[in-house]
Each structure stands twice: as structure tokens, then as C-alpha cells.
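Step one of this worksheet: look at the structure below.
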Protein chains: 2
Amino acid sequence: MAEHAQFDELARQLSAVGAVKRDLVRVLPPECPGGSAAVLTLLGRHGDMRMSKLAELLAVDLSVTSRHVAHVAARGWIERHPDPADKRSRILRLTTAGQEQLDELSRRTSQVLAERLGDWTDDEVAQLIRLMTRLRSSFGDCRSPSARPSAPVVEETTRTPAST
Amino acid sequence: MAEHAQFDELARQLSAVGAVKRDLVRVLPPECPGGSAAVLTLLGRHGDMRMSKLAELLAVDLSVTSRHVAHVAARGWIERHPDPADKRSRILRLTTAGQEQLDELSRRTSQVLAERLGDWTDDEVAQLIRLMTRLRSSFGDCRSPSARPSAPVVEETTRTPAST
DNA sequence: TATTGTTATACTCTATAACTATA
DNA sequence: TATAGTTATAGAGTATAACAATA
């Protein structure tokens, strides 16, 4: 049962890594909280996309995505164009100002990481990135619609809206 | 400048790993949100300790720690004993019920991780744990009181309380 | 009828500041 | 005066549910 202790430890690390993320978020420009930064980053990396696609990449609910997108759109960092193929959809596109904001984000977070990880080798950073990517993939795969078995493992739904 | 892209990617992974953490928190027992689970885990692992020590291990403010501790204490999972050496302090101790709750937490999170990480080797999990531990250490070291230089790197203090 | 997206509501986590009590 | 801890308040992130528009 050595694996059990390993999983306990991994759970602990996952719980604690939030502090690192907070340190990174703290250096973001004003008016640009973490949620906005994530939207800009993903749009810059993957190009124009619909809300639903962005929500999937963010791994949060569409309603959450909608709020983050409204925030960055209100500041002129992205534009929401109608989708000619589906009038319900909106195509998101980074503006020039958004690209500049994204560059600034990148500068700041990279600087912080460069300072903190000064004694890390390129290979170590690459390895951490690889393992975190795989971790997300191992979890994300279970969230696809096809991956829902007929009977859940535990039968508690926990969906009751706080019956206090 | 290959490192720059690497840091960008690491920042992205850090931002996105929250989804994994949320998946893990979702399976926790009722009445035991993530903050409570972290308190129980650290008390179980490191033994009795003071509030300030726990806050340091949690890497959150003492005020946040106080709230989490109040939550678990109200449910009988820990006890707060007066410190004979310093009447301002409180010594936290896991109760029997708290230990049982902790065992249940461990069971549930380990089960989820075992399912999701079924195709991971022990070595891969160990490596991820090692790198995450080092990441936290690389960031945490800068937070010690001695690590504050006379002049900060950038002169923006960002401490102004939102001058909107 | 199902899907895309928005909005209202509620909950968790966090930090800052003011406060009490000890040191 | 400084430190340990509590509480009040505010801000960010998220999920669920109800809704509008379109497929």
C-alpha cells in the first residue's frame, strides 16, 4: 500500500500549490485578475474561438467563462463577433490592445518565474510542465460525455442545494 | 529566449491545475470543504501545533487559518488547548473523530487519484510530487522575512487600495 | 426539444484592517 | 511596543438554476 501514501502526498501538493498560483496572480496588471489573464492567454495561444470552446479550455462552467469574457470585453481586450454559421454563438477575438495586455502579462509572470526558479534547469522546468499537462489530461479525460458510466461509483449525488 | 516560452507554459499549467484540485475537492465528505481538509491533513501529518505554525504550513494568512480552524473545531474534529508557555497561543490537536474524518478524506481522495492515475507508474507520481514540492519551496523561500531586500525589483508597490 | 450563451444567486477561499489579550 | 489570534468586510473564483435566442 505504498501507493496510498503517494496519493495522499499528491493530494497535499495539489492543495498547497494554490499559494504559488496566488503569488503569480499578485503581479498581474490592475484590472486584469487571474480569470481575465487566462482568457487572454488561451485566445492568444489558440486563436479565435467560440465561448464553449474557451470554457472547455478553461475547464470551468460556461457561466463562469461568460463572466470572465465580459470583463475583458468591457476593457476592449477582445471583441465578440457573431458567428455566421450559428447565430447563437459568438466568436471571440483578441484585439490589438488585448495582445498588448497579453504581452505585459507574459512579461510579468515570466519575470517572477525567472526570479523564483533561478536555480532550475530547463529540463526540470520542462519535466514539471510535462507531468502537470499529463495530470490535467488524466483528469480531463474523465469529464468527456462518453466517459460517464451508467452507475457512478458512489451513489451520493451531493447535488441537493444545501438543505439547511 | 526559449526560457520565456517555458515560463509562459508553466504559468498556464499552474493556472489550469485548479480544475484538478476542484475535482478532488468535489469528492470530500459533506461539512468538510477543502480548507477543513487541509487543516486535518496537516495536523495529522505534523502533530499538534499552534495556529501560527499551521498558517505557515497552509501558506495562507492567519485570519484565514482562524476561520478554517473554527470550522473544524465546531464539528469536533480538533480541540484548541491553551498553551501553558504563552497564554496568547492555542495548541491544536486532532480528536478521535477528527482522525476518523481524516481517514475518510484520505480514502476518498486516494480512490479518485487511483482511478484517474491508473496508467501512471509509481516513479512518475513520485517525480511530480518531487517537482511540485520543489516549486513550492522555490516560491516559499522568498516569503521569509530575511528575503526582503532594501529596494524591490520594480518600484510599483501595488499596495494602494484600488485607487479607482 | 436541444443547444448557446447570459444573468442571478449562493458558496468557498483569500487578504486587509480593526480589535482583544497577552508578551 | 510587539505578537497571537479573532472577527468584520470586501474581492475573486466557481457552480447551479432560470432564462433568452436560436438550431
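Here is how names work: the chains are called A, B, and so on, in the same order as the sequence lines, proteins then strands, and each is numbered from 1.
When rounded to the nearest whole Å, the span between CD of B/E56 and C1' of D/dG5 equals 16 Å. When rounded to the nearest whole Å, the span between CG of B/L62 and P of D/dA2 equals 18 Å. The distance between atom CG of A/D61 and atom P of C/dT4, rounded to the nearest whole Å, is 13 Å. Atom P of nucleotide C/dT3 and atom CZ of A/R90 are separated by 21 Å, given to the nearest angstrom. Across the protein-nucleic acid pair, B/H68 atom NE2 and D/dG5 atom C1' stand 15 Å apart, rounded to whole Å. We find that NZ of B/K21 is positioned 16 Å from P of C/dT12, with the value rounded to whole Å. Spacing between atom NZ of A/K53 and atom P of C/dG5 amounts to 13 Å, rounded to whole angstrom units. We find that CZ of B/R50 is positioned 10 Å from C1' of D/dG5, with the value rounded to whole Å.
The side chain of A/V64 has D/dT14 as its nearest neighbour among D/dG5, D/dT14, C/dA15. Ranking C/dA23, D/dT16, D/dT9 by closeness to the B/K87 side chain, first place goes to C/dA23. Minimum atom distance to the side chain of A/D86 is reached by D/dA23, of the listed C/dA21, D/dG5, D/dA23. Comparing C/dT9, D/dA23, C/dA15 against the side chain of B/V60 picks out C/dA15 as the nearest. In this structure, of D/dA4, D/dT14, C/dA15, it is C/dA15 that holds the atom nearest to the side chain of A/R22.
B/R67 contributes no side-chain N or O that forms a donor-acceptor pair with the base of D/dT7 under 3.5 Å. No donor-acceptor contact under 3.5 Å links the side chain of B/S63 to the base of C/dT14.
Side-chain contact of B/H81 with B/E79: a donor-acceptor pair under 3.5 Å is present, judged by distance alone. No hydrogens or angles considered: nothing links the side chains of A/D123 and A/T121 as a donor-acceptor pair under 3.5 Å. Between the side chains of B/T95 and B/W77, no donor-acceptor pair is found at a separation under 3.5 Å.
Side chain of B/Q99 to backbone of B/L94: no donor-acceptor contact under 3.5 angstrom is found. Judged by distance alone, the side chain of B/S89 and the main-chain N or O of B/A85 form no donor-acceptor pair under 3.5 Å. Side-chain N or O atoms of A/R75 include one that pairs as donor or acceptor with a backbone N or O of A/H71 at under 3.5 Å.
Tested against B/L131, the residues A/L131, A/I129, A/V125 include a single side chain to side chain contact (heavy atoms under 4.5 Å, CB included) partner, A/L131.
Axis angle, first five pairs versus last five pairs of the helix from C/dG5-D/dC19 to C/dA23-D/dT1: 0°, rounded to 10°.
Phosphate contact (OP1/OP2 of C/dC19, side-chain N/O of B/R88, threshold under 4.0 Å): absent. Contact annotation: A/T65 side-chain N/O to C/dG5 OP1/OP2 distance is not under 4.0 Å. Taking 4.0 angstrom as the limit, B/S66 places none of its side-chain polar atoms (N or O) nearer than this to OP1 or OP2 of D/dT7.
Among the heavy atoms of the strands, none lies under 4.0 Å from B/G18.
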Which side-chain N or O atoms in residues 13-21 of chain A pair as donor and acceptor under 3.5 Å with protein atoms at least two apart or in another chain?
{"unit_1": "A/Q13", "atom_1": "OE1", "unit_2": "B/R136", "atom_2": "NE", "d": "3.0"}
{"unit_1": "A/Q13", "atom_1": "NE2", "unit_2": "A/E9", "atom_2": "OE2", "d": "2.8"}
{"unit_1": "A/Q13", "atom_1": "NE2", "unit_2": "B/T133", "atom_2": "OG1", "d": "3.2"}
{"unit_1": "A/S15", "atom_1": "OG", "unit_2": "A/R12", "atom_2": "NH1", "d": "3.3"}

